[in-house]
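Below is the structure I would like to discuss, written out as structure tokens.
Numbered from 1 within each chain, the chains take letters A, B, ... in sequence-line order.
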Amino acid sequence: MKLATWNVNSLKVRLPHLLEWLDRTRPDCVCLQELKMETAAFPHEAIEAAGYTASVNGQKTYNGVAILTRIEAADVLLDIPGLDDPQRRVVTATIGGVRVICAYVPNGQAVGTDKYEYKLRWLDAFTRFVGDQMQAHPQLAVLGDYNIAPEDRDVHDPVAWAGQVLCSEPERTAFQRLLGLGLADSFRLFDQPERSFTWWDYRMNGFRRNLGVRIDHVLLSPALAARCTGCAVDLEPRRQERPSDHAPVTAELTCPRDPTPIPAQPQSMRA
DNA sequence: ATGGCTTGAGTGTCAAGA
């Protein structure tokens, strides 16, 4: 089972890129962020023609998230229950026995601003929500744009970014609290190239110079982490004309429906 | 120098991203 996350930065502009990427990589489940369109404007026809069904939580102009799957999504839940927030940032669904949360964490703009305080409050509520979901669903995957670079090695210039938004201690602590629920950052379960990032500024030739940050993550509960065989950033879409500023991240799991071998009974146990 | 691109809104030029 292949799970992916991709901040497309406008689905309207990126639909051709997405369709080409779905055709090339054939993921089972894709979490999209920054659709920047209302739910009613979602291009279901094109997505279904590509072999996917979509659970959409859209919003005009800003934010907006969706989960695309090749099999039916069940128990779809929009937003964070109990959080009064007009911004559409979360959609959750069950796909083939795996509970998938797709999240677009607030950017936070700059440390000390109202948007930064909103980001930290939002992360508190989100962490409670993820904890609740994990209680009910041991097979839990939390994918999305976290807008947090967890460690200095996730930043092209840790000195320049020290204490800045995406890297500040309160944000990194909030990320560690999510991991503290028992989730694993699947990317770090494997050897990775140095200077691996998922976002590069459009300005200053950021991508060509690999001046990036790793802020898009696939977090897995223990049951899923045990089945994870790989996690990688796909740089190909970022190389294309008119790209999203984010690259997709894909994690591979052994199929949850693979039959578990039944251990042989010891001789002495036989009748 | 708080800039540099890109998108959506809307037809000026600004908010927002990270």
Name the orientation class of the two ring planes belonging to A/F197 and A/W200 (parallel below 30°, tilted from 30 to 60°, perpendicular beyond 60°).
-> perpendicular
For B/dG10 versus B/dC14, give the span between their P atoms, rounded off to a whole number of Å.
-> 15 Å
Base, sugar-phosphate alone, or nothing: which one does A/E34 contact when heavy atoms must sit under 4.0 Å apart?
-> sugar-phosphate
Under 3.5 Å, is there a donor-acceptor pair between the A/Q33 and A/T5 side chains?
-> yes
Sugar-phosphate only, base, or nothing, as touched by A/N63 at under 4.0 Å among non-hydrogen atoms = nothing
Phosphate oxygens OP1/OP2 of B/dA16: is one of them under 4.0 Å from a side-chain N or O of A/K115?
-> yes
Would you indicate what A/V13 reaches in the nucleic acid, counting non-hydrogen atoms under 4.0 angstrom: base, sugar-phosphate, or nothing?
-> sugar-phosphate
Please determine if a side-chain N or O atom of A/R14 lies less than 4.0 Å away from the OP1 or OP2 oxygen of B/dT7.
-> yes
If we take the P atom in both B/dA1 and B/dA16, what is their distance in whole Å?
-> 26 Å
Does a side-chain N or O from A/N147 land closer than 4.0 Å to OP1 or OP2 of B/dA18, or not?
-> yes
Ignoring backbone atoms, test whether A/N7 places a side-chain nitrogen or oxygen under 4.0 Å from the OP1 or OP2 oxygen of B/dA18.
-> yes
Within this structure, what is the CG-to-P distance between A/D145 and B/dG17, rounded to whole angstrom?
-> 11 Å
